[in-house]
Undergrad: 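Quick one: structure below, then a few questions.
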Amino acid sequence: MQVRLLPCGETATLIEVADGSAVSAVVAALVGRGDAATPAAGIVEVVPAARTVLVRYAQAATMAAQRAALEALLAQADPTPPPALGERTVRVPVSYDGPDLDVVAELTGLTVADVVSAHTGLPWRVAFGGFAPGFAYLTDGDPRLRVPRRAEPRPAVPAGAVGLADEYSGIYPRATPGGWQLLGRTGVPVWDSHRHPPALLRPGWWVQFEVAR
Amino acid sequence: MSWLEVIRPGPLSLLQDGGRPGLAGIGVTRSGAADRGAYLAGAALVGNDPAGGDAAIEIVLGGLAFRVLEGPVRIAVTGAPCPLRLGEVTLPYGRVVELGTGDVVSLGMAPVGLRCYLSVAGGITAAPDFGSRSRDTLAGIGPQPLRPGSRLPVGPPVARSPGSPVSPLPAAGWGRVLSVQEGPRKDWILHPAALGRAWEVSASSDRVGVRLIGEPLAWAPSRIGRELPPEPVVRGAVQVPPSGLPVVFGPDHPTTGGYPVLGVLTGAASDQLAQVRPGDVVTLAWQR
């Protein structure tokens with residue numbers, strides 16, 4: 001497995017790999033596989049993202065020491081990603097009235113109606129969670145919808161806003177700053193701290209957006 | 001059980017402890033005290049958990065006043081040196097003070113620094129959220145900001161050998177030279193060395209991030225117009241958006257970011273930054 005170890009301060013290293021399945025394999029190497037998964041000694045946190053995995057240590061260490069420990073762990077890594085934990089499709093009704101619909105239409109060369117059909121046409125896969133509680137990066141949707149983030153992030157994006165950035169779509173769990181292009185809004189609560197688990201969307205699941213009636 | 005009642009909270013007073021590490025995978029950031037060193041010094045003084053399990057009050061600038069509804073309680077103030085008064089009596093900074101039922105304590109405004117920590121022996125035992133009493137201002141997790149009339153339960157003190165007194169800060173304030181180490185995306189920036197100079201702290205800075213004002217940094221020409229896949233970030237990460245003005249992440253940072261991280265402050269430098277006020281000038285210095 002090809003990995004690149006990038007420095008990330010006194011207590012962390014960022015591991016860069018080729019794709020999402022390599023991310024899963026690295027996570028499995030660091031925390032183990034199955035229900036009994038716990039991080040290897042000295043590691044407090046393993047955070048997967050698109051093509052990187054952050055490893056955070058309890059104690060500050062030099063990059064050289066972090067590198068040696070990780071290389072030893074990853075040398076024995078099984079490159080096959082662990083099996084997904086079960087699939088489910090969550091239907092998410094959206095009112096497509098977002099402030100960036102016209103911009104997305106312009107950037108993609110589609111009409112606004114085509115943007116909506118593209119967003120609802122294919123299901124999106126939950127790749128990983130991050131950013132804020134309950135936020136999930138959704139991928140594998142219609143590739144025509146790949147648009148850049150806004151040059152200047154908005155100071156406040158409303159809760160339930162549905163947006164696009166690069167290859168991803170996502171749902172803002174609550175009002176936060178954000179730089180994604182906003183297509184519309186949904187009332188589906190993606191985060192509820194009284195629910196177990198609190199995040200609605202889990203990696204490996206699918207999201208089917210649909211036009212709200 | 002002992003109780004405190006907030007009379008006035010000042011500009012912003014939040015409960016903070018060592019935070020909730022380990023939940024970044026579901027988007028929950030660590031949060032916790034912004035100046036960890038000052039918070040842990042306070043915990044040590046009053047004999048609280050040295051691992052950050054007991055909540056203190058993080059007070060921006062000062063201005064908090066409270067009454068002891070049921071005492072006795074032992075408190076100590078660390079971080080920004082807010083003058084502390086019990087009625088007409090001035091109480092010492094960085095030392096343990098015992099208060100009785102009915103005592104009213106008020107904090108004046110700190111002459112230097114930004115965040116003051118009021119530690120109480122036994123900790124403030126408001127209901128925890130995901131294993132911590134830290135208020136995460138980005139996610140809205142943890143106990144609400146203090147308000148007039150907020151009642152704060154105090155846990156039973158644990159017998160530990162008390163910590164040594166904390167020296168008050170030098171009148172000149174905190175060191176303003178912040179050590180920064182190489183970050184994962186240094187190669188996205190044309191002249192990384194240009195981060196190593198003086199920057200003004202913007203007024204739109206908070207526990208999520210501190211925005212720096214100065215000569216914008218340029219992205220490497222080969223990266224302009226490209227999108228970085230979202231990747232995990234840490235407290236102290238110096239992120240450079242296309243505008244070229246760096247944002248340094250604080251304790252309530254989003255768990256992932258989409259802009260390149262040029263450098264990462266050391267833990268000590270992140271603590272220092274938590275004490276810098278808007279309008280202050282800081283110098284970033286690359287650590288070899």
Side-chain angles (χ1 to χ4, degrees), chain A residues 4-14 16 27 39 44-56 58 60 63 127-137 146-149 151-153 155 165-168 170 173-180 190-191 193 197-199 202-203, chain B residues 20-30 51 129-130 136-142 179-187 204 206 208-209 225-238 241-243 247 252-259 261 263-270 287:
Chain A
R4 206 155 74 95
L5 302 183
L6 303 170
C8 202
E10 289 174 318
T11 57
T13 296
L14 196 65
E16 186 177 52
V27 170
V44 288
E45 194 152 49
V46 173
V47 190
R51 284 180 262 301
T52 48
V53 178
L54 182 85
V55 182
R56 217 158 54 72
M63 181 63 197
F128 56 96
F131 173 61
F135 190 89
Y137 288 85
R146 197 165 180 153
V147 291
R149 290 176 183 76
E152 204 50 50
D166 203 24
E167 64 181 271
Y168 301 103
R174 72 191 296 263
T176 48
W180 289 33
V190 289
W191 176 264
S193 55
R202 292 180 231 171
Chain B
R20 42 182 81 77
L23 300 174
I26 55 167
V28 176
T29 204
R30 177 168 171 182
D129 223 355
F130 297 96
D136 175 345
T137 58
L138 181 73
I141 289 177
S179 290
V180 59
Q181 299 183 328
E182 188 179 341
R185 303 295 171 188
K186 199 175 174 180
D187 58 347
S204 56
D206 53 24
V208 176
R226 288 188 46 194
E227 294 279 321
L228 184 69
E231 58 190 26
V233 293
V234 295
R235 170 185 183 242
V238 182
S243 70
V247 179
D252 295 349
H253 65 82
T255 61
T256 53
Y259 299 123
V261 170
V264 181
L265 297 192
T266 61
S270 281
Q287 195 180 75

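Just so it is clear: chains get the letters A, B, ... in the order the sequence lines come, proteins before strands, and each one is counted from 1. If you're wondering where the values come from, they're calculated on a predicted model, not measured in any experiment.
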Undergrad: So what's closer than 4.5 Å to chain B heavy atoms on A:R202: side chain, backbone, both or neither?
TA: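 Neither the backbone nor the side chain of A:R202 comes within 4.5 Å of chain B.
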Undergrad: So, does A:E45 use its side chain to make a donor-acceptor pair with the main chain of B:A24 at under 3.5 Å?
TA: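 Yes, because the side chain of A:E45 sits within donor-acceptor range (under 3.5 Å) of the backbone of B:A24.
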Undergrad: Which region of B:S179, side chain (C-beta onward) or backbone (N, CA, C, O), has a non-hydrogen atom less than 4.5 Å from a non-hydrogen atom of chain A, or is it both or neither?
TA: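 Neither; nothing under 4.5 Å.
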Undergrad: Any donor-acceptor pair under 3.5 Å linking the side chain of A:R174 with the backbone of B:L138?
TA: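 Here the side-chain-to-backbone pair exists.
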Undergrad: If I take atom CZ from residue A:R149 and atom CG from residue B:L228, how far apart are they, to the nearest 0.5 angstrom?
TA: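 One gets 7.5 Å once the value is rounded to the nearest 0.5 Å.
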Undergrad: Do A:F135 and B:P254 come close enough that some side-chain heavy atom pair is under 4.5 Å?
TA: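 Side chain of A:F135 against side chain of B:P254, heavy atoms only: no contact under 4.5 Å found.
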Undergrad: Compare every heavy atom of B:P232 with every heavy atom of A:L14, then report the nearest pair and how far apart it is.
TA: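 Distance-wise, the nearest heavy atoms are CD1-CD, 4.0 Å.
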Undergrad: So which part of A:P198 gets closer than 4.5 Å to some heavy atom of chain B, the side chain, the backbone, both or neither?
TA: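 Side chain of A:P198 only, per the 4.5 Å heavy-atom cut-off to chain B.
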Undergrad: With a 4.5 angstrom heavy-atom cut-off, which part of A:V47 approaches chain B: side chain, backbone, both or neither?
TA: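 Both the backbone and the side chain of A:V47 come within 4.5 Å of chain B.
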Undergrad: For a 4.5 angstrom cut-off between non-hydrogen side-chain atoms, does B:V234 reach A:L54?
TA: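 Counting from C-beta outward, B:V234 and A:L54 do come under 4.5 Å.
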Undergrad: Would you please name every residue forming a ring-ring contact (aromatic ring centres under 6.0 Å, His included) with A:F128, sequence neighbours left out?
TA: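 So A:F128 forms a ring-ring contact (aromatic ring centres under 6.0 Å, His included) with A:Y137.
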Undergrad: Chain A heavy atoms under 4.5 Å from B:R226: which part of the residue, side chain, backbone, both or neither?
TA: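 Answer is neither: B:R226 stays 4.5 Å or more from chain A.
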Undergrad: With a 4.5 Å limit on heavy-atom distance, are the side chains of A:P133 and B:I141 in contact?
TA: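 Yes, at least one pair of side-chain atoms sits under 4.5 Å.
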Undergrad: If you round to the nearest 0.5 Å, how far is CZ of B:R185 from CD of A:E16?
TA: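 It comes to 4.0 Å.
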Undergrad: Go through the atoms of A:P173 and report whether side chain, backbone, both or neither lie under 4.5 Å from a heavy atom of chain B.
TA: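 For A:P173, there is no contact with chain B at all, as no heavy atom is under 4.5 Å.
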Undergrad: With a 4.5 Å cut-off on heavy-atom pairs, point out which of B:P229, B:A139, B:G25 contacts chain A the most.
TA: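 Heavy-atom pairs under 4.5 Å are most numerous for B:A139.
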Undergrad: Let me know if B:P21 has heavy atoms under 4.5 Å from chain A in its side chain, its backbone, both or neither.
TA: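 For B:P21, backbone and side chain are both near chain A.
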Undergrad: Atom CH2 in A:W191, atom CD1 in B:I26: separation rounded to 0.5 Å?
TA: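 Here the interatomic distance stands at 4.0 Å.
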Undergrad: Which atoms of B:T29 come close to chain A, meaning under 4.5 Å heavy atom to heavy atom: side chain ones, backbone ones, both, or neither?
TA: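 For B:T29, there is no contact with chain A at all, as no heavy atom is under 4.5 Å.
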Undergrad: Can you name the nearest heavy-atom pair linking B:P230 to A:A49, along with the distance?
TA: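 Residues B:P230 and A:A49, closest heavy atoms: O-CB, 3.4 Å.
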Undergrad: For the CG atom of B:D187 and the CG atom of A:L6, what is their distance to the nearest 0.5 Å?
TA: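 B:D187 atom CG to A:L6 atom CG measures 8.0 Å (nearest 0.5 Å).
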Undergrad: Let's test your reading of the structure: which of A:G129, A:A12, A:C8 forms the most heavy-atom pairs below 4.5 Å with chain B?
TA: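 Looking at each option in turn, the highest pair count goes to A:C8.
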Undergrad: Using salt bridge (Lys or Arg N to Asp or Glu O under 4.0 Å) as the criterion, list what pairs up with B:D136, not counting sequence neighbours.
TA: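 Salt bridge (Lys or Arg N to Asp or Glu O under 4.0 Å) check on B:D136 returns nothing, list empty.
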Undergrad: Chain B heavy atoms under 4.5 Å from A:S193: which part of the residue, side chain, backbone, both or neither?
TA: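 Answer is both: backbone and side chain atoms of A:S193 are under 4.5 Å from chain B.
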